Asks: 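Just dropping this structure here.
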Number of protein chains: 2
Amino acid sequence: MFELNQLEQLLAFAEYGTLSAAAEHLHLSQPALSRSMRRLEMDLSVPLFDHAKNKIALNENGELAVKYAEQIVREAKEMKESLVAHERARHTIFLGSCAPAPLWTLLPNLSALYPDMTITSEIRGLDTLQEKLLDKTYQLIALPYPIEEPGFASQEIGEEHLYFTLPSAHPLAEKKSLHLADLNGETMLLRPNLGFWTDIVKKAMPDTSFLTQDENAFDELVRFSVLPTFATDLALQRYNPPEGRVIVPIEDEAVNIHYYCCYRKNTLSKLTKLLQAKGKSKN
Amino acid sequence: MFELNQLEQLLAFAEYGTLSAAAEHLHLSQPALSRSMRRLEMDLSVPLFDHAKNKIALNENGELAVKYAEQIVREAKEMKESLVAHERARHTIFLGSCAPAPLWTLLPNLSALYPDMTITSEIRGLDTLQEKLLDKTYQLIALPYPIEEPGFASQEIGEEHLYFTLPSAHPLAEKKSLHLADLNGETMLLRPNLGFWTDIVKKAMPDTSFLTQDENAFDELVRFSVLPTFATDLALQRYNPPEGRVIVPIEDEAVNIHYYCCYRKNTLSKLTKLLQAKGKSKN
DNA sequence: ATTTTTTACGAAAAGCGTAACAATA
DNA sequence: TATTGTTACGCTTTTCGTAAAAAAT
């Protein structure tokens with residue numbers, strides 16, 4: 001039988017027109033390529049070239065052979081790429097979340113539980129998350145509600161609550177609590193990549209314009225700004241509380257979020273234990 | 001890059017389940033196959049097997065690789081078969097005829113004109129002939145009428161006329177000429193593979209039952225039979241006239257056949273000369 | 001005990017490069 | 001004369017088979 005090697009060489013010849021040119025691009029001596037093509041003719045038991053003394057060209061068979069070779073070589077490359085991708089996927093847990101907070105606990109726990117796996121995560125919209133869990137892009141997603149798909153498990157992994165952080169001089173800074181609507185219309189600062197939190201507050205404060213600032217410069221900006229911004233209880237545990245700001249709870253029921261971790265029941269067997277542990281430790 | 005060789009070996013392993021069994025069917029030592037599969041894993045930079053001490057089995061990647069390998073190997077075989085077929089076709093003139101007589105002149109002339117080509121011929125129905133000329137199965141066909149397809153040439157190559165051969169004792173044996181209908185209802189003997197002649201006489205003599213006899217035993221049978229049979233002027237030139245038989249011309253216009261040779265104008269360049277020569281020599 | 005896979009080692013085969021040759025433009 | 005393809009020859013690399021070892025049924 002002939003070999004893929006020879007088909008690639010045939011394609012190189014078809015592309016470059018002469019054995020010398022093709023051999024150079026193949027990093028091969030020209031006599032070697034000449035012999036290899038003769039072998040291909042033998043292996044196929046069909047002449048592929050018109051061999052003149054000083055010129056060689058594809059004949060009718062050769063042209064046909066090139067067509068086949070293109071297809072076969074393409075599929076061979078596809079095979080390798082696909083296998084490499086598949087192998088990578090076998091060693092990767094791809095985690096989607098609706099918000100940053102679930103990742104703070106899930107990522108380190110997953111790393112500890114599956115030390116050989118690469119953990120990749122991203123924050124996406126609720127529809128995207130569910131869709132890509134079903135099509136197996138994600139092995140695991142964090143949602144603000146449980147899903148009911150058969151064959152999937154949903155387990156609560158914690159809750160998060162939203163607060164305003166107001167400058168001390170703000171007119172409402174002394175209130176014990178507020179509604180989102182109370183600040184509707186005021187310009188506010190937002191961290192980027194807050195996931196579905198952004199949707200919630202934009203919906204409840206349609207007249208507010210939100211300024212989004214780079215994550216790294218955000219704290220700096222807040223310190224020297226008089227604009228109100230948000231915080232959550234989980235974020236306040238994780239990061240330093242903003243200086244010179246008053247934290248005011250928000251009473252809207254929509255900002256009391258319970259997170260659920262959703263995944264296929266027959267995958268990630270160690271995950272069940274992780275999630276049961278999750279119910280207790282919320283740091 | 002990996003090689004087709006290795007893919008075939010992978011398929012053999014997938015089929016036979018163990019390296020030993022696969023190696024035997026591949027006419028290869030088992031250690032060689034073991035190493036070859038390890039090389040395949042290296043070449044693909046992906047593990048394909050679960051290597052246990054004493055057992056080796058395809059893993060998830062391997063199963064996927066087998067699927068790809070099946071396709072690629074199938075196409076590789078297809079490539080070879082297709083090329084061999086194409087090569088054969090390049091050296092073959094496939095000739096279809098509606099009757100035996102045109103072949104008697106066309107075959108030797110084609111052989112002389114194209115000494116490097118294999119000449120293959122068969123007798124088929126008129127519709128089949130035209131259809132397979134158009135789809136390039138035939139390079140050349142002989143029909144009892146010219147065709148009008150654009151791009152095709154039709155040239156008359158001779159004529160043939162049908163006769164009855166009657167036993168001397170036959171009631172009609174002394175007639176100077178007859179019509180087909182005159183013997184309608186009588187049982188007759190027929191050579192096999194007469195092409196469209198069979199259709200002509202069956203149509204004009206619907207009440208006659210025709211007995212077809214093997215070509216080699218036919219002359220023998222005729223000699224000892226009192227059944228009428230047919231001959232043509234061309235057949236009488238070619239073969240010995242039947243003993244003890246009277247040759248009676250048939251007057252039906254339908255049995256005076258002019259043969260036409262039909263072929264693509266841009267192929268068989270030498271053929272034009274042949275056909276012009278054909279008009280003169282009719283042996 | 002037999003079967004199966006892997007490792008080790010020497011031999012066979014295949015493939016490559018350099019050089020030389022032939023032919024062409 | 002420079003370029004192209006084929007042939008010849010020696011060398012390297014690859015691949016193979018046998019033998020031996022390790023492990024499992």
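Within every chain, numbering begins at 1; the chains are lettered A, B, ... in the order of the sequence lines, protein sequences first and strands thereafter. Because the structure is a prediction, the values reported are computed rather than measured.
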Asks: Which residues within residues 31-46 of chain B lie with some heavy atom under 4.0 Å of an atom in DNA chain C?
Replies: P31(B), S34(B), R38(B)
Asks: Take atom CG of D50(A) and atom P of dG5(D), then tell me their distance rounded to the nearest Å.
Replies: 13 Å
Asks: Measure from NZ on K55(B) to P on dT4(C) and round the result to the nearest Å.
Replies: 11 Å
Asks: Separation of L28(A) atom CG from dG15(C) atom P, in whole Å?
Replies: 12 Å
Asks: Go through the side-chain N and O atoms of Y259(B) and E160(B) and say whether any donor and acceptor fall under 3.5 Å apart.
Replies: yes
Asks: State, without any angle test, whether Y138(B) and E122(B) hold a side-chain donor-acceptor pair at a distance under 3.5 Å.
Replies: yes
Asks: Provide, to the nearest angstrom, the distance between the CD atom belonging to E8(B) and the C1' atom belonging to dT15(D).
Replies: 16 Å
Asks: So do M1(A) and N5(B) actually touch side chain to side chain, heavy atoms under 4.5 Å?
Replies: no
Asks: Would you mind reporting whether E8(B) and K77(B) have side-chain heavy atoms less than 4.5 Å apart?
Replies: yes
Asks: What is the distance, rounded to the nearest whole Å, between atom CD of Q30(A) and atom P of dT3(D)?
Replies: 13 Å
Asks: Take the protein atom CG of N54(B) and the nucleotide atom P of dA23(D), then report the distance between them rounded to whole Å.
Replies: 10 Å
Asks: Reckon S29(B) touches a base, only the sugar-phosphate, or nothing at all at heavy-atom distances under 4.0 Å?
Replies: base
Asks: Can you tell me if D127(B) has over 12 outside heavy atoms packed within less than 6.0 Å of its CG?
Replies: no
Asks: What verdict does the salt bridge (Lys or Arg N to Asp or Glu O under 4.0 Å) test give for K67(B) and E70(B), after you've listed the backbone C-alpha separation in whole Å, the side-chain angles of each residue and the deciding distance to 0.1 Å?
Replies: CA-CA 5 Å; K67(B) 291 205 177 69; E70(B) 281 167 349; over 6 Å; no
Asks: Out of N59(A), L58(A), L64(A), which one pairs with N61(A) under the side chain to side chain contact (heavy atoms under 4.5 Å, CB included) rule?
Replies: N59(A)
Asks: Is H51(A) near enough to dG5(D) that one of its side-chain N or O atoms lies under 4.0 angstrom from OP1 or OP2?
Replies: no
Asks: Determine the minimum heavy-atom distance between C262(A) and L143(A), stating which atoms define it.
Replies: SG-CD1, 4.1 Å
Asks: Starting at the 5' end of DNA chain C, what dot-bracket string do you get if Watson-Crick and G-U pairs under 3.5 Å are bracketed, crossing pairs use [ ], other-strand pairs use | and unpaired bases use dots?
Replies: |||||||||||||||||||||||||
Asks: Please tell me if the side chains of L33(A) and Q30(A) come closer than 4.5 Å, counting only heavy atoms from C-beta onward.
Replies: no
Asks: K53(B) NZ to dT5(C) C1': how many Å, rounded?
Replies: 10 Å
Asks: In whole angstrom, what separates L58(B)'s CG from dT5(C)'s P?
Replies: 12 Å
Asks: Nearest to the side chain of T18(B), heavy atoms from C-beta on, is which of dG5(D), dT5(C), dC16(D)?
Replies: dT5(C)
